[in-house]
Every structure is written in C-alpha cells, then in structure tokens.
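Just so you know, these numbers use all the heavy atoms, side chains as well, and skip hydrogens, waters and symmetry mates.
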2 protein chains.
Amino acid sequence: MAATIKDVALKANVSVATVSRVLNGTAKVSDTAKAAVLKAQRELGFYLNANARTLARQDSQTIGILVSDISDPYFASMIKACDVTANALNKSLLITQGFYDAKREQKALDNLLSHQCSGIIIHVLGISDEVLSDYMKRFPYIVLVNRLLKGFEDRCVTIDNEQAMFNVVNYLIEQGHQKIAYVQSEYEVADNTQRLSGYKKALIAHNLEVDDSLILKAHPSLEGGSKVAKELIDIGLNKFTAVACYSDTIAAALMTNLINSGISVPDNVSITGFDNLFLSSCMIPALTTVINPIEQMGKRALELSIALKNGDHSFKLGSFETKLVCRNSVKKLK
Amino acid sequence: MAATIKDVALKANVSVATVSRVLNGTAKVSDTAKAAVLKAQRELGFYLNANARTLARQDSQTIGILVSDISDPYFASMIKACDVTANALNKSLLITQGFYDAKREQKALDNLLSHQCSGIIIHVLGISDEVLSDYMKRFPYIVLVNRLLKGFEDRCVTIDNEQAMFNVVNYLIEQGHQKIAYVQSEYEVADNTQRLSGYKKALIAHNLEVDDSLILKAHPSLEGGSKVAKELIDIGLNKFTAVACYSDTIAAALMTNLINSGISVPDNVSITGFDNLFLSSCMIPALTTVINPIEQMGKRALELSIALKNGDHSFKLGSFETKLVCRNSVKKLK
DNA sequence: ATACGTCATGTAAGCGTTTACATAAATTAT
DNA sequence: ATAATTTATGTAAACGCTTACATGACGTAT
C-alpha cells in the first residue's frame, strides 16, 4: 500500500542502497543522487518502515515502559522525564499499563519483551517476587522502579522509603504530636512496607506506642483517600492528632474530605503526604510532604536499562535523595 | 542473540510454520506437536519478534498517540482511556509528546508515521493549520483531538467549546456577576479561541461590556495559573468579581495563589475552571467547572482511527456533551 | 480395492529495510 | 602512460516472521 524504498529508488533512478544512505545519512552520496532521492521521497510522502529497519538493524530504538496507571501524576512525571531523556537519544517510548493486576502486568511485560526494546523500565505491584525474579534473570536489562527486589538491587531504582517516612513522623513528633495515625497503600510491596516501618521506628525511637488500630489501608488514589477519611472519622478525632499518609494523592483526598466534614486541617488534625506532587502545593493548607525525585529516577532508570542492554555493566545508578518539605498542613502542638 | 522461531522449531523438531501456528493459534496442530513447541518455547524463553511479525503481517497492532504533555492530567486521562480500549483490541500504544512546539510535534508525528501504526491520534498545538492539513490529507486515518480543522471536521474529536464556556459565563451572570475576567490559554488554537468567544457572547447576550483589559493569557499549567494570579491582583480586585478560566489547572493554581494572598474564594472572587479534573473536586472550595468527556473522546478517536485505517468510512464519531458542574467556588451576589 | 476428501505438516516466497562486498569511474601518484 | 588509491554506486544476503501452496498420511465412501 504505502510506498517503499524500492518505489523511491525507482523514481529517483538509483538503487535502494543509495536511498537508504541518503535517508539515514550513513554514507556519502553525490549531490545529484541525493537531490533526486529527496525529491522522490517528498513526492511519494515516503517514510522508512520502522519495523523493517528494526529487523535489519537489530535495534528498535524504542524504550518499553510499564507503569500501573498513567493517570497517576507520580507515573506521569516519571514518564515525562523518560520521554525527554529518550528523545535526546532519538528513541521513542512504548508505554503500557498494568493497573495493579498481576495478569495485566504480565501480559503488558510480555508485549514489551516481544518488541526488542532498547531498554525496559517497569513499575509492577501485582507480579510476585518469584515471577518477577525470573523475568529479571532472563532479561538482564529490565530495570525496576520503586520496588526493591532481592538479588537485583543494582537494577532497582528506589529511594530510602523507610528513612523518608521516619523523617516525616519524627517531624510530627517534634511538633508535639503523640498520637499519629498512618494510612498505608493497600498493595503489599516494598515501598509501602518500608514507609510503614519508618513510621513505626520513629514512634519507637521516641518511646511512643505503636497502635495497630491507627494503621489503615487505602487504595493509592483519590478515591482511596476519600474512603479512608470516613474510617478515620469513625475511629474518632480524640484518638489521634495527626495522620501520616503513604502518598500525596491519599493525603489530598483525605484532607479535602475531612475539611468538608467540618474538621479543620491542621487545627483539628495534621496531615502529611508523600511525593511532592503539584497537587500538594495547590491544596489549602499546602501539604507537608516528601520530595520524591521521580523525574531523576526515570531518567537514570532509562540510562541504566540502555547501558545494560548494550552489555555495559559499569553504569552505576547512584542514590536518590528525598527531602521533607514543611508546609501548612501540620500544626505545632504545645 | 535472542532465540528465534527457528531455534524453537529445531528444538521441538517441527517446522517454523508449525511453531508459528501454535504460537498464534492460527491453525490446527496435533497435540504432540503443540506440546513440543510450547516446551521448547518455555525452555528458550522465546517471544515472537513483534517487528518481524509486523513486517510479515503488514499490521503493527500499535496505536500511535501524540499529546502535548503526558503529565497534564487532561492528556493522562485520555491516554488511559485509549490504553483500555486498545488493550481490549489487543493493541498497544506508542506514545510521544510534542510539548507545544511545532518542531517537536512534527518530529514525533513523523516518527509515529514510520511505525505503520494501526491508528494515529494526535493533539497538536504548534503545527500550523496548513502543515497539519497536509498530514491529514496524506494520512487519512490520523484523528485530531481537541482541535477543529477546516475540511477535516469528521476526523476531529471535539466538544462545543464555545457553548460550554457560554454556559459557564452565563451561570456567573445569573449568580449576579457583572465584571467577569477571563484567563485564556496562551496557545492560539481552536478550543482556546472558541472558549473565549463563548465568554464574550455570554457577556453580550446580557448586554454587558467586553473589557479587553480583563482578558489575560496563561500557560495551561499550574505555573501559568500562579503567574496570572499576580497579574490579576495587580489589576485590582475592585475591577472584577469573578474569573472564568480556560482550564482547571489554571483555575486551581490561580485559586491557591489568591487564597494564599489573603483573598477569599469565593467571598472576594469567584472562580471557574474547565475539564472537571480530579484536582477540581479536591480543591477547597471545590471548583465549579465543566465536565469534559475526555475519556470517551479518547476511546472514540481510537475506534475511528482504526476504522479509517481499515478503509471503513462508515464510522461516525457522534457528539461529545459537556456539562456544567456547580460547586463552591462561585458566590451568589445580591 | 480404488478414488476421494480431510487433515497435519512442511517448503519457500515475501514483507521493507540495512549493509558487507563487489564494481566501475574518477582521481592521484609514479 | 600506468598503477594505485579513492569515491560513488549497485547487488544481494540477511533480519525473523507469516502464509499460500504443496505433500503425504489418513479415513471414508464406493
């Protein structure tokens, strides 16, 4: 249907090799030939077939990305950073979503794998450690984002979730809070577990009791945050003075729901988030949260994956630092 | 490097055709042969090469998408809907970003075009009508989102922007507002122009004067909204009682900045947005805005593009309805 | 027993590129 | 003038798959 390189060659009166050389700039071609080729290309509206090229070159110039949900600003930021980085390397992104479901994640990953990507970056929650380890072993260029998998630490792009949440809760305690609730994500994966652990360690470090009835679960979305607001109200405001949340998304929805129920933030309840999404600075009061260097993580993950795919094992990820941002959603108690 | 279908055939003691048939389920194969193939596949960790398959089948099973910026929730929602729809059709998404820049948009589009996509959906602002028309003509399956291009109306997935904004401003007037400022997007494209026009028409319909000094421009982002907040304060709060905004993103940032400057919303100033992003319902006060059926638009755009690519010209888009959602960011004046 | 259809399987051409190698022309050195 | 080198171009194999067509082994109807 569409024109091929042969059509262009025919029209320009040269061989297909010459056309390829002109269009790729891979070798010197006489000015007359070059002009003829470009003219023919223009007239035919011709584009080199990327699939045929990939087959011949054994290199797709494509980076595969798998995230849970593009519409989550956290992933969107990561993808944006990846795209910018990929673009600079003349590569494009093949993006798929797993929606927190093991089956869909696996299907999406298999799809990516069949595309001969120059790199693959995944964020998966549903797939078990065992299955995931198998993939990581078989495809040594897959890079994992925000999940620490035993045996593959140097292909995991993560932050120190435990320390980050420790800092948050430590800060709350310094502000005079003693009864601090915690809302974790309902997915049982590393970052979630680690943040919870940081929360507990901070309490323990200050000789405060860990009260399991103050530890709740929510889906990491605005809907999840709304639901958990009701649960917290049911628990009773006298049981806690602050709520540390797994994410900004949860925190924002929680805060909105509390305020709309007539509960003042931070006067009645202090709230903290995690990620430093734009959303968090738009809220009133602005959310106290943790800067999560997701753009940088996306960029480095991409670079690492490409290096690994090329057999370069010298590339080191480095570490990614978080930082507590104190804004107005936390009240200092006497 | 990676195993090929030949390796599998060899290992399973069958021909490549049989392997292909088993892996694609395209023809009956004896149980013994099937079992042998699947065993060999597993042992080799084999995936069919998607590029080779595309070349042979002349069908990439891939939908190309070009948006301005993935991290804009508006686009993220659209892409999510596209992914869900594509997934149901066993297709995947090739996503690129144009970042509001004509050059980058064109490069991204050219890239998409070279991938033999089964469909292409684009949202571009930088590319001129002339250049865009040329693309639309040459590739009759490209579908345009949120931009009305003369001569290609039935391949444009849009809403009635003018009417929608008319309704917003009409509502503001009904609530007693007479001096209404407007913040438009800084990009001069159809939806922006149309919304502005709706704003003006609503004023005129009520015999109110259109005051150009109350019409401002902002980048359609949270940063843009923050900037314009300062400009509005400079203009002076006595000059207007309400601000209608091109988008929720702008409106949210504007509202936050005003409130943080000690200006109460809606007591001092009423604000309206557009799109009904999640963000808008998280704000306090919740934003009065317009439901923009972006998910549905993404879905239909994808279906249309695939139909066109298949030469099916009977597919009709239908229309996309907006709806005003009245929340708490608008005050009723006496 | 013969002829016919059915079924599982294999053979090989084709998809649109890239690129190693071959070749012919032009240039330079001797 | 001849040989050696450089340069532009062409030829054809290869990339990994799909699939039309061919083939041979069966089962069934006659």
Side-chain angles (χ1 to χ4, degrees), chain A residues 1-38 40-41 44-62 90 110-118 309, chain B residues 1-38 40-41 44-62 90 110-118 309:
Chain A
M1 205 66 37
T4 73
I5 199 172
K6 273 189 196 166
D7 301 320
V8 178
L10 211 67
K11 190 152 198 160
N13 240 310
V14 296
S15 71
V16 291
T18 298
V19 176
S20 173
R21 287 192 267 254
V22 171
L23 265 28
N24 289 297
T26 45
K28 216 168 240 176
V29 171
S30 70
D31 288 349
T32 51
K34 185 184 276 182
V37 167
L38 292 176
Q41 176 199 23
L44 291 169
F46 172 74
Y47 287 101
L48 282 171
N49 182 319
N51 298 292
R53 162 192 290 199
T54 296
L55 195 55
R57 282 211 193 149
Q58 299 286 79
D59 171 20
S60 74
Q61 298 285 82
T62 284
N90 257 306
D110 287 341
N111 183 344
L112 250 33
L113 255 6
S114 77
H115 276 273
Q116 325 299 112
C117 296
S118 313
K309 184 74 201 264
Chain B
M1 203 68 36
T4 74
I5 199 171
K6 273 191 195 164
D7 301 320
V8 178
L10 211 66
K11 191 152 197 161
N13 239 309
V14 297
S15 71
V16 292
T18 299
V19 176
S20 172
R21 287 192 266 255
V22 171
L23 266 27
N24 290 298
T26 46
K28 216 168 241 175
V29 171
S30 70
D31 288 348
T32 51
K34 186 184 275 181
V37 167
L38 292 176
Q41 176 198 22
L44 291 169
F46 172 74
Y47 287 101
L48 282 171
N49 182 318
N51 298 291
R53 163 193 288 200
T54 296
L55 195 56
R57 283 211 194 148
Q58 298 287 80
D59 172 20
S60 75
Q61 298 284 80
T62 284
N90 257 305
D110 286 342
N111 183 336
L112 250 33
L113 254 6
S114 76
H115 276 273
Q116 324 299 111
C117 296
S118 312
K309 182 77 201 263

A.B. asks: If I take atom CG in residue B/L44 and atom P in nucleotide D/dC17, what distance separates them, rounded to the nearest angstrom?
C.D. replies: 11 Å

A.B. asks: Would a 4.5 Å heavy-atom cut-off, applied to side chains only, mark A/T62 and A/H115 as touching?
C.D. replies: no

A.B. asks: Under 3.5 Å, is there any donor-acceptor pair linking the side chain of A/R21 to the base of D/dG10?
C.D. replies: yes

A.B. asks: Which is it for A/K11 and A/L44 under the side-chain contact (heavy atoms from CB on, under 4.5 Å) test, yes or no, and what are the steps along the way?
C.D. replies: CA-CA 9 Å; A/K11 190 152 198 160; A/L44 291 169; 4.1 Å; yes

A.B. asks: In whole Å, what is the span from the CG atom of A/N13 to the C1' atom of D/dA8?
C.D. replies: 15 Å

A.B. asks: Any idea which of D/dG16, C/dT9, D/dT9 is nearest the B/V29 side chain?
C.D. replies: C/dT9

A.B. asks: Quickly work out the A/L23 CG to C/dT19 C1' distance and round it to whole Å.
C.D. replies: 15 Å

A.B. asks: Under 4.0 Å, counting only non-hydrogen atoms across every strand here, what does A/N24 touch: a base, just sugar-phosphate, or nothing?
C.D. replies: sugar-phosphate

A.B. asks: In whole angstrom, what separates A/K6's NZ from D/dG10's C1'?
C.D. replies: 14 Å

A.B. asks: From C-beta outward on B/L48, which listed nucleotide comes closest to its side chain: D/dT19, C/dA8, D/dC17?
C.D. replies: D/dC17

A.B. asks: Give the rounded distance in Å between these two atoms: CZ of A/R57 and P of D/dG16.
C.D. replies: 16 Å

A.B. asks: Can you see if the side chain of A/Q58 gets near the phosphate of D/dA14 - specifically, an N or O under 4.0 Å from OP1 or OP2?
C.D. replies: no

A.B. asks: Looking at every strand, decide which applies to B/A33 at a 4.0 Å heavy-atom threshold: base, sugar-phosphate, or nothing.
C.D. replies: sugar-phosphate

A.B. asks: Evaluate side-chain contact (heavy atoms from CB on, under 4.5 Å) for B/R53 paired with B/N24, printing each intermediate quantity in order.
C.D. replies: CA-CA 11 Å; B/R53 163 193 288 200; B/N24 290 298; 2.8 Å; yes

A.B. asks: As a test of reading the structure: which of D/dT18, C/dG10, C/dG16 is closest to the side chain of B/R53, going by heavy atoms?
C.D. replies: D/dT18

A.B. asks: Distance check needed: C/dT18 C1' versus A/Q61 CD, whole Å only.
C.D. replies: 13 Å

A.B. asks: Could you please spell out the steps behind the side-chain contact (heavy atoms from CB on, under 4.5 Å) verdict for A/T4 and A/D7?
C.D. replies: CA-CA 5 Å; A/T4 73; A/D7 301 320; 3.5 Å; yes

A.B. asks: Would you kindly compare B/T26 and B/L55 by the position of their nearest DNA chain D nucleotide and give the one closer to the 5′ end?
C.D. replies: B/L55

A.B. asks: When you compare the side chain of B/Q41 with that of B/V22, does any pair of heavy atoms fall below 4.5 Å?
C.D. replies: no

A.B. asks: Find which nucleotide of DNA chain C each of B/A52 and A/V19 is nearest to by heavy atoms, and output the residue with the more 5' nucleotide.
C.D. replies: B/A52

A.B. asks: Within this structure, what is the CG-to-P distance between B/D59 and D/dT19, rounded to whole angstrom?
C.D. replies: 10 Å

A.B. asks: With no hydrogens and no angle check, just 3.5 Å: does a side-chain donor-acceptor pair link B/D59 and B/S118?
C.D. replies: yes

A.B. asks: Quick one: is B/T4 getting a side-chain N or O under 4.0 Å of the D/dC15 phosphate, OP1 or OP2?
C.D. replies: no

A.B. asks: Can you identify which nucleotide, out of D/dG10, C/dT18, D/dA8, has its nearest atom closest to the A/T18 side chain?
C.D. replies: D/dG10

A.B. asks: When the nearest nucleotide of DNA chain C is assigned to B/A17 and to B/A56 on a heavy-atom basis, which residue is associated with the more 5' position?
C.D. replies: B/A17

A.B. asks: Quick one: is C/dT18 close enough that its OP1 or OP2 comes under 4.0 Å of any side-chain N or O from A/S20?
C.D. replies: yes

A.B. asks: Can you tell me if the side-chain N/O atoms of B/S15 get under 4.0 Å from OP1 or OP2 in C/dG10?
C.D. replies: yes

A.B. asks: Rounded to the nearest angstrom, tell me the gap between atom NZ in B/K34 and atom C1' in C/dT9.
C.D. replies: 15 Å

